[in-house]
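Values reported hereafter were calculated over all heavy atoms of this structure, with side chains retained and with hydrogens, waters and symmetry mates removed. The shown structure was predicted, so the numbers you read here are calculated from the model rather than taken from an experiment. The chains referred to below are lettered A, B, ... by the order of the sequence lines, with proteins before strands, and numbering in each begins at 1.
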Amino acid sequence: MSPRAVLALAARLPGKGSDVRWLGLLLAARLLAAVFAVLLLLVSGLRDLEAELVVAALAWGMVSAAIIWWGTTIRSSPAWWVADGTVCLGLVVLSGDWRSPFYLLWLTALALPAVSVRLRRVPPLAVLASGSFLAVATAGGPVPGSLGPVASETLAIHLVLPAGLICGLAYAADALRRLDAERAQRERLAIEAERRRIAFELHDSAKQRVHAAHLLASSLRGGVDPSLEASLEQTVTELESASADMDTSVAELRSPLEGRPLADALRARADELALAGGVRITVRGHAPELPPLHLAHAFRVGAEALSNAIRHADASRIVVTLEQELGRFALRVTDDGKGLPATTRTGATGLLAMESRAATIGGRLTVGERAGARGTCVLLEIPIEKETTP
Amino acid sequence: MIRVLIVDDHPALRAGLTTVLRAEPGLVVAGESAGGETLEPALRRCRPDVVLLDYHLPGEDGIQVCHRLKRTVLPPRVLLYSAHASPALAIPALVAGADGLVNKGVSALDLFEAIRLAARGDRRLPRISQALVADASSRVHIDDRPLLGMVIDGSTPAEAAETLGVELDQVNRRTQRLLGALRLEIPT
């Protein structure tokens, strides 16, 4: 498969470009191993049964490659790794000699589990791989030790190679994962710092100038020509609105989370609100990894729902749950208050703002009655972008 | 004539305030300062009746500066001038001995009125709600709560010292500790 073909396919596949390139490389290695094994068999001359073996090896090479390429969920399941490894080892056994070229095909079957498992499970995996090949060698082929010192050395290489391969690949995959996480964290911090800087500039420079202009304009009241009085009044009003707008922007720019996890920030807000007395608020669960903007909006929605429950519903018990379910994150605020009014108040800006926040981050807000009891339930659902693993 | 000293770190606002106050009969801008090290010389030079003090100053915040000004011999009246209309600022302002709390968003006429009231010795601070008092007392050390209560009730430091049976110096030190505990993290 040429690099260009891989890239062209990559464009049509979900997931990161580097993941697809890595997958293409793996499959190329696997097909090459299958073809190489078959060629070796053909060159050394086919004996009985080996024609079937050649067909089986080619077929498995193609089928497994197709499954790995298209089966996003299958390729990351341990059952598939076991099945693939068993078939490859089966080919080795059937060929009647543990030094069979199908060994190469088996090696390529180890790559996926090696990059997918956690680092602490890598040593057992390596031992398992070497152990199962030793079992195959003992059971299937000429018994090791019966072939003299040269063969023993070959066996040693055959046993060390899978362990080395697994450890090396696992280490590289783990390093990449850590690098990714670190970069994401750095990006988050940089965005946070930039927003803080803009907020600071807005508050410290622009807003002070607006205050000065407002002060100057308002001092002219009553002292100017009556024909100008109306436009002066308008100017003062506009300046007041500008100042209010800036306050809103500054508040929006400053992330309410300040680096805390969502659950902790909501808990802190709950404690502040509970100070007013008469209400018990519990926060359960925690949020998954989400973009900072999503978390900030989720926090504002949660905080607004909390203060609504206290201010309008006279709730005495509020439960906030954060859950991760099937590709989405759900934030639920349930209270035991008097429920929703029969008709929505005109200008219920709080609710509208919550809905627009949910829409901004591609989420959905549902406000309804609490199931089976008195009270209200506010539910915010945000889709989680699924991470693709190679 | 009421002599006013403007303390604000922002030049545009200082210029605006100077222009506006200069045009108002009865008020005179005795000087201006950006806060920090320039404050002391400005105070000595112009001996103001009223100090219009910004809350956000580089280094020490307006509350701390206010408390320091109020401990001098013949202290000036101090009006805290804040861009944040947060009512939570009322208790720290009261504890620091401020004579008034003015939002930067008010019109010129309201500002003149506030300066005149302060110069006359009228102390006007926003009403302090029960929730604010509860919040403030939950944040201060338990030993400082009686002092906080007395200050909110309107006692002078001297009266507080007498009631608590301690020296005035100690009341001042404890007031400083109160201000530290009540310090607001107002976004800048």
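- Using a 4.5 Å cut-off on side-chain heavy atoms (C-beta onward), B:L69 and B:C66 make no contact.
- Counting heavy-atom pairs closer than 4.5 Å to chain A, the top residue among B:D9, B:D110, B:L109, B:L13 is B:L13.
- Note: A:R209 leads A:R209, A:R221, A:K207 in heavy-atom pairs under 4.5 Å with chain B.
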Next item on the list: Kindly indicate, with the supporting measurements, whether the criterion ring-ring contact (aromatic ring centres under 6.0 Å, His included) is fulfilled by B:H10 and A:H211.
Entry: CA-CA 11 Å; B:H10 209 277; A:H211 279 316; over 10 Å; no
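- Under the 3.5 Å distance criterion, with hydrogens and angles disregarded, a donor-acceptor pair is assigned to the side chains of A:R317 and A:T282.
- With chain B as the partner, the residue from A:S219, A:A217, A:A213 showing the most heavy-atom pairs under 4.5 Å is A:S219.
- When side chains are defined from C-beta on, B:D54 counts as touching B:L57, because their heavy atoms get closer than 4.5 Å.
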